[in-house]
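Here is the structure we will look at.
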Amino acid sequence: MKVMIIGSGGREHAIALAVQKSPLCSGIVCAPGNPGMANQGRCVPVNVSDNAALLKLAKDEAVDFTIVGPEVPLVNGVVDLFRTHGLRVFGPTAGAAALEGSKAFSKAIMQKYGVPTAAFETFTELASAQSFLKAHPAPIVVKASGLAAGKGAVVCLTDAEAESAIEEMLGPQAIFGESGKTVVIEEFMDGEEASLFAICDGKDYVLLASAQDHKRIFDNDLGPNTGGMGAYAPAPVATESLVTQVCREVIEPTLAGMILEGVPYTGVLYVGIMATSKGPRVVEYNCRLGDPEAQVVLPLFGGDFLALLEHAERGALSQYTGVSQSQGSAAVIVLASEGYPGNYPTGLPIEGIAEAEATGAKVLHAGTRMEAGILVTAGGRVLGVVGVGSDLREALAQAYAGATQVKYKGVFYRNDIGQKGLARCSN
Ligand code: AMP
Ligand code: GLY
């Protein structure tokens, strides 16, 4: 099978590595990929927001199967378009991807089908949001309903923060543009977070390892939210009983509900969970693998990942027999550019990847490019250094040993990835 992978980040590099291992895979086209993915397949420049260009590429390359990494093409309906043209593609249709593309939609689905989540109200007018806030003091959470590259949720610890968050979204500034013109204001939930990933075929699902992301830029969860500064899998907070409860109370009613809504869910259902004192509550749904969570979840998947996705795409997960999780743990340290998630420089030469990999770690590319034959930085999150071990401590030691080898000007990473997991392991 010739496989096309849409996307260019660390998640897509992890997908390419997993797909390359499958005996079903005869070749990979990366659309557009990155310099790291060039070791797995042929990278072809294309804009992932341009569905017509993606379709043309799939046809020109005569690919048999396409895997969509990021949310933007999914929400834009790339799956619908490919299917109309008779092409096989793994991911949700635009209608189903609205679980991520519209928080107003996903909260309504959760409410309708009894999925536990924070109490909420949806607003399109500043005045009504302001009077709601008067009756609901901080802490409270203000979210842009649409896609905002992971930056649309504002956890407000004071009333003033909440007032300015709604003002910025619903007022004339409209900092998230159309995405912020509908706002969800929800109850603040206290607890530890975990991410669960279900590969879904519309009715059945296969669960991958749980993971925990580190969204804030600085150690001890300080500073602004980022796309994710590191992750580990499995997450000890996601105990067997919590996972069973999430399957029964979240994933199963969501899949059943989406069928009733006429938008059956095929693709990755990413469930962000808060383990509260009252049990697990959904923080958000995403319609794709997490980034950087994919970098730790996929190395632990012991089956044939391409076969799994191919079964899901044709609604035949119940016939897939290859499920197995390996026993160990994985950790990824994200190496970022100085200044991220604000402004940062690019084009800085990167050294030390071979040295990092000599420690046993694996270096995945996220924001890199080749410039005159030299590998340089090209994004806020530059590389992900992955360690795999028999337990979390070993995985972290390998990942950090690798991370210290990589050099570019202003290289920045968190030093406390996995600490919450380690604390639970030693309890
Ligand atoms: P989201 O974009 O919905 O994933 O939110 C981003 C981050 O904001 C989450 O990973 C949480 O850390 C935090 N967050 C979102 N919603 C809530 C909530 N209701 N209570 C507490 N924290 C939240
Ligand atoms: N790491 C968070 C996300 O992929 O949404």
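Counting starts at 1 for both ligands and their atoms, in listed order. All of these numbers come straight from a predicted model, not from anything done at the bench. Each residue takes its place number in the sequence, starting with 1.
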In terms of side-chain geometry, is the basic nitrogen of [X] or [Y] positioned less than 4.0 Å from the acidic oxygen of its partner?
X      : Y      : answer
Glu186 : Lys107 : yes
Arg414 : Asp221 : yes
Glu284 : Lys143 : no

ask   = When the aromatic ring centroids of Phe132 and Phe123 are compared, is their separation below 6.0 Å?
value = yes
List the closest protein heavy-atom neighbour of [atom]: residue, atom name, distance to the nearest 0.1 Å.
atom                    : result
atom 18 (C) of ligand 1 : Val141 CG2, 3.4 Å
atom 3 (O) of ligand 1  : Lys143 NZ, 2.9 Å
atom 5 (O) of ligand 2  : Arg288 NH2, 2.9 Å
atom 22 (N) of ligand 1 : Met274 CE, 3.7 Å
atom 2 (C) of ligand 2  : Asp213 OD2, 3.3 Å
atom 23 (C) of ligand 1 : Val155 CG2, 3.9 Å

ask   = Taking heavy atoms and a distance under 4.0 Å, where does Arg11 meet ligand 2: side chain, backbone, both or neither?
value =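 Neither; nothing of Arg11 gets under 4.0 Å from ligand 2.
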query = At under 4.0 Å between heavy atoms, which part of Asn286 makes contact with ligand 2: side chain, backbone, both or neither?
reply =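 Within the 4.0 Å criterion, Asn286 contacts ligand 2 through side-chain atoms alone.
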task = May I ask you to check whether Phe188 has an N/O atom sitting below 3.5 Å from an N/O atom of ligand 1?
result =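 No; the residue has no nitrogen or oxygen that sits under 3.5 Å from a nitrogen or oxygen of the ligand.
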query = For ligand 1, is there an N or O atom under 3.5 Å from any N or O atom of Asn225?
reply =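 Not met; the criterion fails.
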Derivation and outcome, side chain to side chain donor-acceptor pair (under 3.5 Å), residues Glu252 and Tyr205 = CA-CA 9 Å; Glu252 288 158 24; Tyr205 64 97; 2.4 Å; yes
query = Are Pro292 and ligand 2 in contact, using a heavy-atom cut-off of under 4.0 Å?
reply = yes
So which atom in [X] and which in [Y] form the shortest heavy-atom distance, rounded to 0.1 Å?
X      : Y      : answer
Ala16  : Met37  : CB-CE, 4.2 Å
Phe197 : Ala211 : CE1-CB, 4.2 Å
Cys43  : Gly33  : SG-CA, 4.1 Å

message = Looking at non-hydrogen atoms alone, which of Glu284, Glu193, Arg216 comes nearest to atom 9 (C) of ligand 1?
response =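 When every heavy atom of Glu284, Glu193, Arg216 is considered, Glu193 comes closest to atom 9 (C) of ligand 1.
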If the cut-off is 4.0 Å to any non-hydrogen atom of [X], which atoms of ligand 2 fall inside it?
X      : result
Gly227 : 1 (N), 2 (C)
Gly290 : 4 (O)
Glu293 : 1 (N), 2 (C), 4 (O)

Per-atom contacts of ligand 1 with [X], taking only distances under 4.0 Å to non-hydrogen atoms:
X      : value
Lys215 : 10 (O)
Ala153 : 1 (P), 2 (O), 5 (O), 6 (C)
Glu186 : 16 (N), 17 (C), 18 (C), 19 (N)

key: Note, Leu54 side chain near Thr66 side chain (heavy atom, < 4.5 Å)   =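 Result no, sub-4.5 Å side-chain heavy-atom pair not found.
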key: Greater than 12 external heavy atoms within 6.0 Å of Gln405's CD   =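 Yes, the 6.0 Å shell around CD holds more than 12 heavy atoms from other groups.
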request  = Step through the shown structure and confirm whether more than 12 heavy atoms of other residues, nucleotides or ligands are within 6.0 Å of CZ on Arg369.
outcome  =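 Buried by this count: over 12 neighbours within 6.0 Å.
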key: Met189 and ligand 1 - part of the residue with a heavy-atom distance under 4.0 Å   =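 Contact part for Met189 vs ligand 1: both backbone and side chain.
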message = Please classify the Lys103 to ligand 1 contact at 4.0 Å (heavy-atom distances, strictly less than): side chain, backbone, both or neither.
response = side chain
key: Option from Tyr113, Tyr285, Tyr265 for which side-chain hydrogen bond (donor to acceptor under 3.5 Å, both in side chains) with Thr254 holds   =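 When Tyr113, Tyr285, Tyr265 are each tested with Thr254, the side-chain hydrogen bond (donor to acceptor under 3.5 Å, both in side chains) holds only for Tyr285.
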key: side chain to side chain donor-acceptor pair (under 3.5 Å) evaluation trace for Glu125 with Ser128   = CA-CA 6 Å; Glu125 281 170 18; Ser128 41; 4.5 Å; no
inquiry  = Can you tell me if Arg281 contacts ligand 1 (heavy atom of the residue under 4.0 Å from the ligand)?
reply    = no
